[in-house]
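Take a look at the structure below.
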Amino acid sequence: MPKRSITDEEIGLIKAMLRMGMKNKDIQFYFNRQDRAVNSGRITGIRDRSYGPEIAAASEDEAKAFMASFTPSAVVSPVFVAAPVPAKPADPICEAVLRSFFAKDSDGIWRCIAGESDEFECKENFNLKGFGKPLKTIAGFANHRGGYLFFGVKDKPDGFAVCGLKDDRFTDTDQNKFSQTIRAALEPTPRFRVATLKLDQLIVGVIHVEAHNSKPVIAGKTENELIEGFIYYRYPGETRPICYADLRAILDERDKQSRESIMPMVQRLLELGPQDAMVANLADGQLEGGQRSILIDPKSLEQIKFIREGEFNEVDGAPTLRVIGDAQTVPTEILSPVRTVREEVTVDAILRNFINRTPVEQPLSYFKQVSHEQGYTLPIFYYLHLAGQSRKEAAATLRSYKNARENSRVEITKLLNGKRTLHLKLGSTRGATFNRIYNDPETTIATSRQAKDVCSALTGMWEADAPKFDHFHSLLQMSLAVWEASDNDRDLLGYIRRAASRLDELEYGALVPNE
């Protein structure tokens, strides 16, 4: 085994801190040294038991004593000095934030004091037909750093005066219709939210666009001023085709993120050594490196279609495995001592990526895996939203999964059709817990009992609790950390799954259109 850079005592303390609900960056402060960095990936490895699984966690008292007596080394880089935690940013479409962009002048006229910049665009009228110019702006914001599109506000010659929307077309257009229009024109689909702001008797329509995490967003069709194949970028006061320098910066940043995401895997390969590791080439379906055979359980063979080279016939939804050489079954008892590697999409991954709002490359793979689970109570709308699928399309996709569990298929279909909900009524005890965590942004979760109580209460949330969704994600993150530090507490995992599924139903269910 390669020599560890972290001592067994330190691993035990890190496990205790994770069990207490501390975040990776907070734990790093106590263990980073100028001559030895402990990155977030290493702490994650300790949490998921891929690094130092045999070492027992220290007690909570030992961890608290260690932190109380801790003194940073004089040679530690200042970057690791503790600093006040910044306030959580406000919801970008809450009324207070939107009102901050407007002011009434001495003549009693409301004006957009933000004007037009690389983050703001003003339109006097709204019409979803002939939406090409706003689509350009939305693409430009997504390719830059996000921004606001205001409807019912005049342009610069009129001093960005608020004239208000002339009719109800904006307010009568639901989120699903916006989603369909934007998804049909831009690839990948930008993440956006719609709101209205009332200034005296004037109504302003608002579309807030987030910076896309998989830039560049490209025009997928020609519509009015939108031209298929163009990459638009938001510059101060205008949206136009991107220049080479800005496109180069986007591509360089994407390459940087790719390198950073693959480094933990490279580090793991170095730890295992070439004799104990193989690389799965997902592009051509081969395991590269090593000289050992890959053994497959006979039951698994019944669910896999083997295709010899030269005879490939793709069938949508059919699990396939390309075989070079001969495939043979072996008795199950031979497989029992073999350590197998699970498929990429696991229940843990489905939960973690939703709770952390982590974008994934193939979101439909996560939706598919939920249909294969006996326990089908898992987030699905987040992944359908990432995939740009409607509920109708998702139901059709679900029917194409030949190996989906029938009871899971039925229950997921009910959820998609609005005939089933994950909401549970709050009783007196659970209601009191919900009120406490709702009103206390500093809630901490350190024990399994606390995590179960919190998750049980979260199943009673409603749409009106949307301002607290970020807080609820944080509570689920702490609950998941407690579960990871436990000895596979299945009961706790069930609580987390139900709470996460209810939050997913409310937060992202509204973003998945019916058709």
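Count residues from 1 along the sequence.
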Side chain to side chain, [X] and [Y], heavy atoms closer than 4.5 Å:
| X | Y | answer |
| --- | --- | --- |
| F131 | I138 | yes |
| K166 | E124 | yes |
| S408 | V370 | no |
| Y233 | P241 | no |
| N417 | R391 | no |
| L424 | R430 | yes |
| K256 | E253 | yes |
| L128 | R169 | no |

Could you measure the distance from the [atom1] atom of [X] to the [atom2] atom of [Y]? Nearest 0.5 Å is fine.
| X | Y | atom1 | atom2 | result |
| --- | --- | --- | --- | --- |
| S371 | N407 | OG | CG | 10.5 Å |
| M17 | I43 | CE | CD1 | 9.0 Å |
| I496 | R352 | CD1 | CZ | 10.0 Å |
| K154 | C163 | NZ | SG | 5.5 Å |
| H212 | R191 | NE2 | CZ | 10.5 Å |
| L475 | C455 | CG | SG | 8.0 Å |

Between T413 and R399, do the side chains contain an N or O donor and an N or O acceptor separated by less than 3.5 Å?
no
Strictly below 4.0 Å, N to O, side chains only: are [X] and [Y] in salt-bridge contact?
| X | Y | result |
| --- | --- | --- |
| R420 | E411 | yes |
| D172 | K177 | no |
| R193 | D91 | yes |
| E121 | R234 | yes |

Using the ring of [Y] (Phe, Tyr or Trp, six-membered ring only), decide whether [X] places NZ or CZ under 6.0 Å from its centre and within 45 degrees of its axis.
| X | Y | result |
| --- | --- | --- |
| R99 | F102 | no |
| R42 | Y51 | yes |
| R502 | W462 | yes |

Heavy-atom pair of closest approach, residues [X] and [Y]:
| X | Y | result |
| --- | --- | --- |
| I113 | S100 | CD1-O, 3.5 Å |
| A63 | M20 | CB-SD, 3.9 Å |
| L98 | I93 | CD1-O, 3.6 Å |
| R497 | V347 | NH1-CG1, 3.9 Å |
| H144 | A211 | O-CB, 3.7 Å |
| S479 | L492 | O-CD2, 4.3 Å |

Over 60° means perpendicular and under 30° means parallel, so classify the ring planes of [Y] and [X], tilted if in between.
| X | Y | result |
| --- | --- | --- |
| Y148 | F150 | parallel |
| F151 | F170 | tilted |
| F354 | H473 | tilted |

Side-chain donor/acceptor of [X] to backbone N/O of [Y], under 3.5 Å:
| X | Y | result |
| --- | --- | --- |
| D489 | W483 | no |
| Q450 | T447 | yes |
| N435 | G431 | yes |
| E515 | S390 | no |
| D504 | F381 | yes |
| D105 | D107 | yes |
| R409 | L398 | yes |
| R183 | T189 | no |
| S501 | L378 | yes |
| Q369 | I350 | no |

Verify side chain to side chain contact (heavy atoms under 4.5 Å, CB included) between L422 and R498, making sure each step is shown before the conclusion.
CA-CA 7 Å; L422 299 166; R498 288 190 289 273; over 6 Å; no
Above 12 or not: heavy atoms from other molecules or residues under 6.0 Å from [atom1] of [X]?
| X | atom1 | answer |
| --- | --- | --- |
| E238 | CD | yes |
| K133 | NZ | no |
| K123 | NZ | yes |

Can you check side chain to side chain contact (heavy atoms under 4.5 Å, CB included) on V194 and T173, steps first, answer last?
CA-CA 10 Å; V194 178; T173 303; over 6 Å; no
Partner of L458 under side-chain contact (heavy atoms from CB on, under 4.5 Å), picked from D453, D465, L503, I437, is I437
Candidates R357, M461, H385 - the one meeting side-chain contact (heavy atoms from CB on, under 4.5 Å) with E507
R357
L226 vs Y232, side chain to side chain contact (heavy atoms under 4.5 Å, CB included): CA-CA, chis, key distance, verdict:
CA-CA 9 Å; L226 188 76; Y232 294 99; 3.6 Å; yes
Pair F31-L13, side chain to side chain contact (heavy atoms under 4.5 Å, CB included): steps then yes or no
CA-CA 10 Å; F31 298 98; L13 289 168; 4.0 Å; yes
Close aromatic pair by centroid cut-off 6.0 Å: F367 and Y383
no
